[in-house]
Structures are given as C-alpha cells and as structure tokens.
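Okay, so here's the structure we're looking at.
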Amino acid sequence: MADEAVAERAAEPASHDPQRPQGSRSPEAPPRGRERGGERGGDRGDEQAQGEAEAHDGPEAGDDEAAERAKERERAADRIKDLTRDPLAEEDGEDGPTDLAAAARARRAGRKLLTSGRDFTSFDRSRIGHAHIGDINVSLDARRSGVAMRGGPVPEEELRRLRRAHVEPAGYVRLRRALESRRLLVLGGAPGTGRTCTALALLDEVTRDGAGDGGRVRRFDPHQGEGVRGLVGEVKGRDGGEDGEGGEGGERRGTGYLLELALDRPGTLPPDEMDLDQLASTLAEGDAYAVVVVSVGSAANPLLAGRYGMVCPPAPSQELVTVRLRERLEEARDHEALERAARIAEDPEVIEAVGLDDLRPAEAELLASLLAEHLLGSLTREELLAGCRGIAAVQAHEWFAGVDRALAAAPSSGDGRTPVRSATAALFHPVAFRIALAVLGGGSHSAVSAAAHLLTWELSVQSDPDSTPSRPLFCDDPESDRALSRARSDNGAIDVAGAEVTGQLIFYRGSALPAAVLAEIWDRHFPVRAPVVRWLRLLADDPRPQVSVRAAVAAGELSVRDFEYGFGELVRPLAEASSPRRRVFASTALDQVAGHASHRKAVRKVVDDWSRYGTASLRWTAAMTLGHGRAADSVDAALDALARIGVRDQGRQLAVASLNVVRLLTLPECATVLRRLGQWAEDRREEYQDLALVTIVRLATTGVDEVLDDEPGTPLGDRGGWPLLLALAVTRPELTGTLADLLWTALNTARSRDVAFDALEALLRSASRGERGERGEGSERGERREGGGDRMRPGLAALLPALTSDEHDRQQLEWLLRRMMRDQDRPLTTEQASALWRLAVPARQRRSDEEESHG
C-alpha cells in the first residue's frame with residue numbers, strides 16, 4: 001500500500017469506497033478479525049451468531065435473538081467503558097477529573113521530605129536541653145526572650161571570650177554606626193540566631209572607654225521594671241548616683257545596657273515610639289548606650305520599622321564552625337587538625353546527618369566540639385553522626401517546650417472563677433506554622449499558611465475549649481514566619497487544576513527539621529496528638545494533591561512512631577470513609593508505613609485481611625495500597641489480591657483494581673504483571689477477562705507521571721509525559737511483543753473494541769501532535785512538559801509494527817487513520833497520517849503490499 005493511500009481514500013464517500021475492508025458495516029466500525037488465541041465466548045461475528053439463531057428457531061426467532069445479543073454486547077461494551085473511567089473521580093461525578101500526576105509528584109516530594117533516615121533518631125535526648133556526648137556538654141537552648149534573663153553586670157571574662165569567638169554577621173559595621181549615632185538600637189532576630197551575642201559585641205565595642213570593672217555592660221531584667229520605661233529609670237538612677245554601686249557619677253558614665261523583650265507572650269504590648277525617644281534622650285544625657293533585643297514577628301514590626309529598629313543578620317555558618325574548631329584544637333597543637341576537621345565537616349554523610357542549611361551559634365559550637373572530639377579519638381564515627389543528627393532534634397524541642405506555660409498559669413478575671421486567656425491564637429500560630437511546614441514543606445506558601453491557621457484553631461480550642469479563639473486578620477508577616485521557623489521561600493511550579501503555574505514555595509532550611517518537628521510533637525507532647533489528628537483529617541478532604549497527599553505521607557510517618565495510635569485514629573477511620581479522597585489518604589499513609597521494614601509485616605497483614613474479609617471501602621483502600629508495590633510479599637501476591645478484589649461482587653471494584661494493576665507495571669517485575677494479564681485474558685470466566693481488558697485499555701490511556709514513584713533520572717522517570725504503554729515499549733523492548741498482543745486482544749474483542757480504538761487513537765495523536773506543534777489540555781500536560789509528541793515517536797515505532805503484523809491488522813489501522821482524518825474537531829493531516837503509516841508498516845512490507853495490489 002502506498003504511503004498516501006490512506007490520505008487519498010479518506011476524502012472518498014464510504015459507500016463508494018472500492019477497497020473498504022470486508023466485514024465492516026460502516027466507516028464508523030472497525031473491521032473484525034479472528035482472535036489470535038481463538039474465538040472468545042460472546043464475541044463472535046454478528047453474521048455467525050445470526051445464522052445459528054435462524055437455523056435453530058427460524059427467521060423471526062433468529063432476528064429476536066440476534067437483537068437481544070446485540071443489546072447484550074452493547075451493555076457489555078458500555079460496562080467496559082464505564083470501568084475504564086477514573087475510579088477516583090466518583091465524588092465529583094462520573095466525568096470529574098482527578099490529577100493523578102499531581103498526586104504522584106506530591107507523594108514523591110513528601111516521601112523525600114520525611115524519609116531521610118530520621119524516623120528513629122539515635123541521639124540521646126535524656127538531657128534534651130544540652131548536647132551531652134562523652135565529655136561534651138554544650139548548652140543549646142535559645143532562651144525564650146525575657147523569661148530566664150537576670151539583671152546585672154556582664155563579667156569582663158565573658159566579654160573577652162566574646163571578642164575572641166564572635167563572628168560578625170553581614171552588616172555588623174552598619175549596626176555599630178547606628179548604635180553610636182542614636183545611642184539606642186532595637187535589634188530584631190529569631191531566637192538562637194546569635195542576636196544576643198551580636199548585641200553584647202556591639203555594646204562591648206562602644207563602651208570600651210567607659211566605666212571599668214564596675215559594670216561596663218549590664219543586662220537589664222525585664223521583670224525588674226516596665227520594660228523600656230524601667231530601663232529609663234535604671235539609666236537615670238545610675239547616672240544620678242541614686243544607687244551606690246558605681247561610685248562617682250563620672251565613673252558610671254559610658255555604660256551599655258542589654259534588654260531582651262518577650263513580645264510574643266499573651267498580654268504583652270510593645271513600647272511606643274515616645275518611650276523609645278525618652279530612653280534615647282536619657283542615654284545621651286548619661287553618655288550610655290542600649291540595645292533592645294526583640295523577636296521578629298507582627299508585634300515587633302512597628303519597632304523594627306521605626307527609627308531605632310534594625311534586623312540582625314545571622315552569622316555565616318562556616319566561619320562559626322571554623323572559629324569554634326580553632327578554639328577546640330588549640331590545646332592539641334596539631335596544625336593539620338583544622339584541615340582534617342574541615343574535610344570531615346564537608347563529608348556528605350556528615351552534612352546529611354546535620355541536615356541544616358545554616359547553623360546557629362550554639363549549633364556551630366556543638367558541631368565543632370563533635371568534630372574536635374572525633375579527631376582526638378574521643379568519639380567514633382557512629383557517635384559523631386549520632387550527635388550530628390541530634391542538632392535538629394534539639395532545635396525542635398526548643399520550639400515546642402513550654403509554649404503554653406503562660407496559659408497554664410493564667411490570671412484570674414477578678415470574680416475568682418473565670419480564667420483570663422488572651423491571644424491564644426497569636427501564641428499558637430508560630431507553633432502551628434512549624435508543624436504545617438513540616439507536613440506541607442515544598443508546597444505553596446499560601447497552602448502552608450492556610451493549613452497553619454487551621455491548626456492554630458484546633459490547638460486553641462484544645463487548650464481552651466470554653467472560649468472561641470480569635471485572631472487579628474492583618475497581623476500575618478511572611479518574613480517573620482520564615483525567620484521564626486528557619487524557613488526559606490523560592491519560586492517554583494505548582495499544580496493547579498491539571499496545569500502548572502509558577503508560585504511561591506516554602507521549605508525548611510534543612511532536610512532534618514521536618515522529621516524532627518513531627519517526632520517532637522508526637523513523642524513528647526501527647527496532648528497535641530488529638531488536635532493534630534483532627535487537623536490531618538481536615539487536610540485529607542482538601543482537593544489539592546499537594547495538601548492531601550503530603551498530609552497522608554506525614555500521617556504515615558507519625559503512625560510509624562506509634563502504629564497502634566496512628567492506625568486507630570488516622571488510617572482505619574479514613575480507610576472506611578465514603579469519600580475516595582479520604583481512602584486515598586489512608587492508602588498513602590499505609591504505604592508510607594510499609595516503607596519501614598519494622599512495620600512492613602504488620603501493613604501486609606492488614607492489607608491482606610482487608611482484601612479478603614473487609615467491607616467494600618476497606619477492599620477499595622487495600623487495592624490502592626497494593627498499587628504502590630510494598631503492601632504484599634511479592635508482585636504475584638499483590639496481583640492475587642487485586643484480582644480477588646476486582647472480580648468480587650460482579651466486578652463492583654474492578655475499576656480501582658485495574659488502576660492498581662497498571663501502577664504495578666512501573667516496577668522491575670513488569671513482565672510478571674503482563675504475564676498475569678495474559679492469563680486473565682484467556683480465562684474462561686468473564687469477570688477475569690473483563691479485568692484484563694479494562695487493565696489493558698487503562699494501560700494505553702495512563703501517563704507515566706500518573707503512576708510512577710521514581711524521581712527523574714530513571715528510564716521511566718525521564719519519560720514522565722509519555723503514555724505508559726509507549727514508555728514500556730521503549731524502555732523494555734523485550735516486552736514489546738507481549739504489550740502488542742495484549743492491546744491487539746482488546747482491539748479485537750467486541751466489548752472492549754470501542755474504548756480500545758479510542759485509546760489507540762490517543763496514542764497516535766500523542767506522536768502526531770509533535771508534527772505541527774499542537775498542544776492539548778488536561779492529561780496531556782505532562783507530554784507538553786516533556787517536549788511534545790515527537791519524543792514519543794520511538795514508542796510508536798516499537799509498538800505499531802508488532803501490532804500490525806498481518807493484512808487484517810493493517811486494515812484496522814487504515815480505518816482508524818481515516819476516521820482521525822475525518823474528525824471535524826481535530827482532523828489528522830495527510831502528512832501526519834502518512835508518517836504514522838510509515839511507523840506502523842516497514843518499507844519492506846509496504847513494497848510487498850504494493851506488489852500484491854498491482855499483481
């Protein structure tokens with residue numbers, strides 16, 4: 001057949017087509033042919049069935065029986081078509097779309113975020129406030145501002161040590177000049193970032209020529225007076241000689257004061273500008289200086305935006321570690337030790353164990369101590385890595401320890417009965433944001449913020465069930481949220497309604513923090529579990545995969561830490577839910593648990609029981625869990641369970657079973673799955689045949705990115721926008737013949753013929769689209785991302801020749817190409833049809849066909 005033959009005859013009327021394939025009743029119906037494996041029950045040709053009926057009961061009876069058979073075939077075809085629809089779209093209607101590709105990407109991102117080997121940290125947390133390893137005992141607590149501070153002079157010895165070890169942050173000179181010119185500096189920063197050390201270093205510099213050992217730099221206890229106003233009184237008293245500590249007034253001049261304000265405590269109001277002006281004036285009169293340290297946040301924003309406010313940048317991590325190492329190794333007198341320590345610090349295993357993008361001063365000191373002790377032989381490498389892993393755990397403990405202590409000791413309202421609890425939501429919001437970021441990190445900033453507000457409500461209600469939480473509407477500060485949670489933001493791709501758009505993503509500044517946060521709240525704060533469970537159930541209903549799927553992965557990680565609680569409160573209730581979205585949540589969480597060898601046996605027992613004895617909802621959830629490939633002892637066992645679920649109750653859950661059979665095709669045991677599909681197709685029982693046919697059609701219509709768990713870089717992962725059938729034909733060429741035989745079976749079986757030809761048409765269009773630069777919508781988004789249909793042509797080049805091995809098969813392809821060319825909405829061009837024909841029919845076969853036609 002000539003390459004242009006298909007295109008030439010496409011314009012001819014069907015009734016005048018001299019070469020129309022015999023046996024096809026109209027141009028809308030493909031030609032029928034023999035089964036490769038023999039005729040299939042219920043799928044014989046119309047003429048043969050009608051002849052048998054007439055011979056048995058006469059013409060009229062034959063007509064009735066033929067009509068009934070036709071209706072039965074039509075019902076069977078409609079059923080197959082229904083079963084090939086998306087089984088996850090039930091709640092949105094039969095045609096409601098679900099973005100499986102977005103869900104797969106969210107699942108991969110969540111697993112990467114939380115499965116970094118930190119689910120069971122080996123760091124000894126018996127003294128969580130300190131890192132106590134061997135002879136190392138370094139305090140890591142960044143104190144809650146103003147809570148543990150005591151007033152009094154700073155010893156000169158501490159100031160000397162500070163001068164020797166302090167690493168100046170970026171912009172330090174600008175901070176010093178501001179303090180020298182204004183006498184007062186309001187310094188904002190997150191706790192633990194070295195802001196207090198920087199404040200002391202500034203005061204030490206500007207007061208070098210001031211008072212002597214009698215208190216050149218002094219801390220002011222915020223509880224001693226009314227914050228800034230109390231400090232005004234302190235400065236006036238010392239300058240005027242009202243207390244006898246300083247001797248003559250000249251000796252008391254030139255003092256530096258450090259005041260740390262806790263503005264995040266309920267009921268605490270920030271000082272106003274007039275108070276700061278009065279303090280600055282008083283400091284100028286006494287030739288004194290003061291630094292007021294505040295935590296960044298909505299309460300401190302007016303202060304930092306005023307004339308005295310400046311933000312304290314964190315000190316560079318590498319320089320901090322180097323300085324601390326030099327201190328630790330001075331006594332060893334080993335000149336090469338510092339270089340060796342630097343090489344160890346850059347070891348990928350050590351970097352992964354630390355899991356923080358930047359270190360705070362106390363953390364740098366601990367890391368330096370660990371490296372020094374390892375070099376000196378006091379710590380083994382395993383102990384070094386264990387200590388490194390504990391740094392993030394201590395940070396998480398610091399964030400959550402005693403957050404609501406002030407609420408527990410709330411003052412009375414005056415009547416002696418009703419406690420006063422103010423600003424609970426404002427108190428819990430930073431905590432909720434850290435938890436939300438641990439669960440949804442890598443998602444959009446808006447999604448994390450919305451989830452944080454939702455959790456803030458749950459925490460506030462749990463803490464004070466008799467009161468309705470309230471929160472100001474215009475006090476959110478994204479920069480403060482990031483600073484208080486060690487987070488960073490960046491632009492990236494966000495899945496929205498099946499399309500990718502650019503938006504602001506947010507991450508922790510360190511891979512260790514998400515798991516450390518979840519471990520802290522789950523293991524050490526049991527009362528928090530109830531509101532977190534309610535919150536996760538609410539996230540399970542979110543229609544955005546980046547929210548619901550990531551939350552499911554986090555739920556799985558929490559369940560690993562206490563499987564009895566997590567299974568009873570999260571997994572089992574949602575597995576029995578009527579909503580498919582909630583059941584997907586439960587299956588994703590179970591698969592995450594199965595990723596841990598310690599719990600895999602328990603998960604497999606649960607899934608096996610559900611597949612055998614569970615309710616319809618539990619069987620559905622079991623099928624979705626089996627599709628991940630870790631919930632059964634082997635692929636064969638998973639296929640047995642999926643078949644058991646799919647054929648039960650007249651195939652009520654055949655659709656979800658077939659979807660998860662397709663998902664198993666991404667595993668290395670792909671050949672096992674295809675072999676089982678062939679066995680089901682040849683089974684005498686119609687329900688097994690239907691399972692095979694539906695799975696084959698779904699295989700042809702499913703994209704790789706909808707079912708793949710692998711990251712890009714694998715043979716399948718690099719073809720994320722491809723149809724899975726074409727991707728397998730290219731990456732597993734030894735399976736091409738089996739894939740073609742399975743698709744041929746669906747194309748030549750009456751009840752699956754229509755949907756199978758629709759699937760084949762989609763495959764052909766996926767390659768032809770690259771010919772003229774067409775761009776489709778919906779599920780074709782992945783293909784556009786991968787560069788267009790021209791990259792998929794090797795898949796068709798491998799599959800089509802195996803699919804069109806004889807003249808009848810080529811007639812079917814010819815018929816389909818003609819139908820595509822006559823499509824009024826998306827007609828195939830002559831060039832595209834010819835190109836597809838050349839892919840399907842090799843040149844040698846085309847010459848042979850031409851010779852036969854001319855002979």
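Taken from CZ in Arg534 to CG in Leu454, the straight-line distance is 10.5 Å, to the nearest 0.5 Å. To the nearest 0.5 Å, the span separating CZ on Arg582 from OG on Ser617 amounts to 12.5 Å. Summarising the geometry, atom CD belonging to Gln395 is positioned 7.5 Å from atom CZ belonging to Arg434; distances are rounded to the nearest 0.5 Å. Atom NE2 of His453 and atom CD of Glu458 lie 14.5 Å apart (nearest 0.5 Å). Interatomic distance, CD1 of Ile506 versus OG of Ser485, reported as 7.5 Å (0.5 Å rounding). Within the model, atoms CZ of Arg324 and OG of Ser369 stand 9.5 Å from one another, a figure rounded to the nearest 0.5 Å.
Considering Gln546, Arg544, Arg105 as possible partners of Asp495, the one that fulfils the side chain to side chain donor-acceptor pair (under 3.5 Å) test is Arg105. Only one option out of Val293, Leu279, Val291, Leu231 pairs with Leu259 in a side-chain contact (heavy atoms from CB on, under 4.5 Å); it is Leu231.
Looking at Thr621, its side chain does come within 3.5 Å of a backbone N or O of Ala575 through a donor-acceptor pair. Using a distance-only test at 3.5 Å, with no hydrogens or angles considered, a donor-acceptor pair links the side chain of Arg360 to the main chain of Pro191. The main-chain N or O of Trp457 is never found under 3.5 Å from a side-chain atom of Trp535 such that the two would form a donor-acceptor pair. The main-chain N or O of Ala577 is found under 3.5 Å from a side-chain atom of Arg583 such that the two form a donor-acceptor pair. Remark: side-chain polar atoms of His599 are not paired, donor with acceptor, to backbone N or O of Val593 under 3.5 angstrom. In this structure, the side chain of Ser317 engages the main chain of Leu359 through a donor-acceptor pair within 3.5 Å. No side-chain donor-acceptor contact under 3.5 Å links Ser463 to the backbone of Leu459.
Between Arg529 and Asp562 there is a side-chain heavy-atom pair separated by less than 4.5 Å. The shortest side-chain heavy-atom distance between Asp221 and Arg219 does not fall under the 4.5 Å cut-off. In this structure, the side chains of Leu356 and Arg509 stay at 4.5 Å or more apart for every pair of heavy atoms. Between Met624 and Leu88 there is a side-chain heavy-atom pair separated by less than 4.5 Å. Inter-residue side-chain proximity for Pro316 and Gln318 is flagged as unmet; no heavy-atom pair is nearer than 4.5 Å. Side-chain contact between Asp358 and Pro314 is absent, with no heavy-atom pair separated by less than 4.5 Å. Inter-residue side-chain proximity for Trp399 and Glu520 is flagged as unmet; no heavy-atom pair is nearer than 4.5 Å. Side-chain contact between Leu320 and Glu365 is absent, with no heavy-atom pair separated by less than 4.5 Å.
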Subject >> Test log, rule side-chain contact (heavy atoms from CB on, under 4.5 Å), inputs Leu558 and Leu536 >> reply: CA-CA 11 Å; Leu558 294 176; Leu536 288 173; 4.0 Å; yes
**OP:** For Leu518 and Val439, run side-chain contact (heavy atoms from CB on, under 4.5 Å): C-alpha distance rounded to whole Å, both residues' side-chain angles, the deciding distance at 0.1 Å, then the answer.
**Re:** CA-CA 8 Å; Leu518 295 184; Val439 172; 4.0 Å; yes
**OP:** Give the C-alpha distance, both sets of side-chain angles, the deciding distance and a yes or no for side-chain contact (heavy atoms from CB on, under 4.5 Å) between His596 and Phe563.
**Re:** CA-CA 12 Å; His596 297 262; Phe563 189 64; over 6 Å; no
Subject >> Residues Ser559, Glu569; criterion side-chain contact (heavy atoms from CB on, under 4.5 Å); working and verdict >> reply: CA-CA 9 Å; Ser559 297; Glu569 297 294 327; over 6 Å; no
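Cation-pi geometry between Arg524 and Phe400 is not met at under 6.0 angstrom from the ring centre and within 45 degrees of the axis. Both tests do not hold together for Arg572 against Phe567: distance to the six-membered ring centre under 6.0 Å, angle to the ring axis within 45°.
Ring geometry for His445 versus Phe433: interplanar angle of 30 to 60°, hence tilted. Ring geometry, His166 versus Tyr172: the interplanar angle falls from 30° to 60°, so the pair is classed tilted.
A search for side-chain hydrogen bond (donor to acceptor under 3.5 Å, both in side chains) contacts involving Glu273 returns Arg307, not counting sequence neighbours. Remark: Asp272 engages no residue in a salt bridge (charged side-chain N to carboxylate O under 4.0 Å, His left out) (not counting sequence neighbours).
Minimum interatomic distance between Ala290 and Leu179 (heavy atoms only, all atoms of both residues): O-CD1, 3.5 Å. A pairwise comparison of heavy atoms in Gln462 and Pro527 identifies NE2-O, 4.0 Å as the closest pair.
Between Asp357 and Arg486 no salt bridge is recorded (no basic side-chain N to carboxylate O distance below 4.0 Å). Ion pairing between a basic and an acidic side chain is recognised when a charged N comes within 4.0 Å of a carboxylate O; Arg229 and Asp275 show such pairing. Arg107 has no carboxylate O lying under 4.0 Å from a charged side-chain N of Asp591, or vice versa, which leaves the two without a salt bridge.
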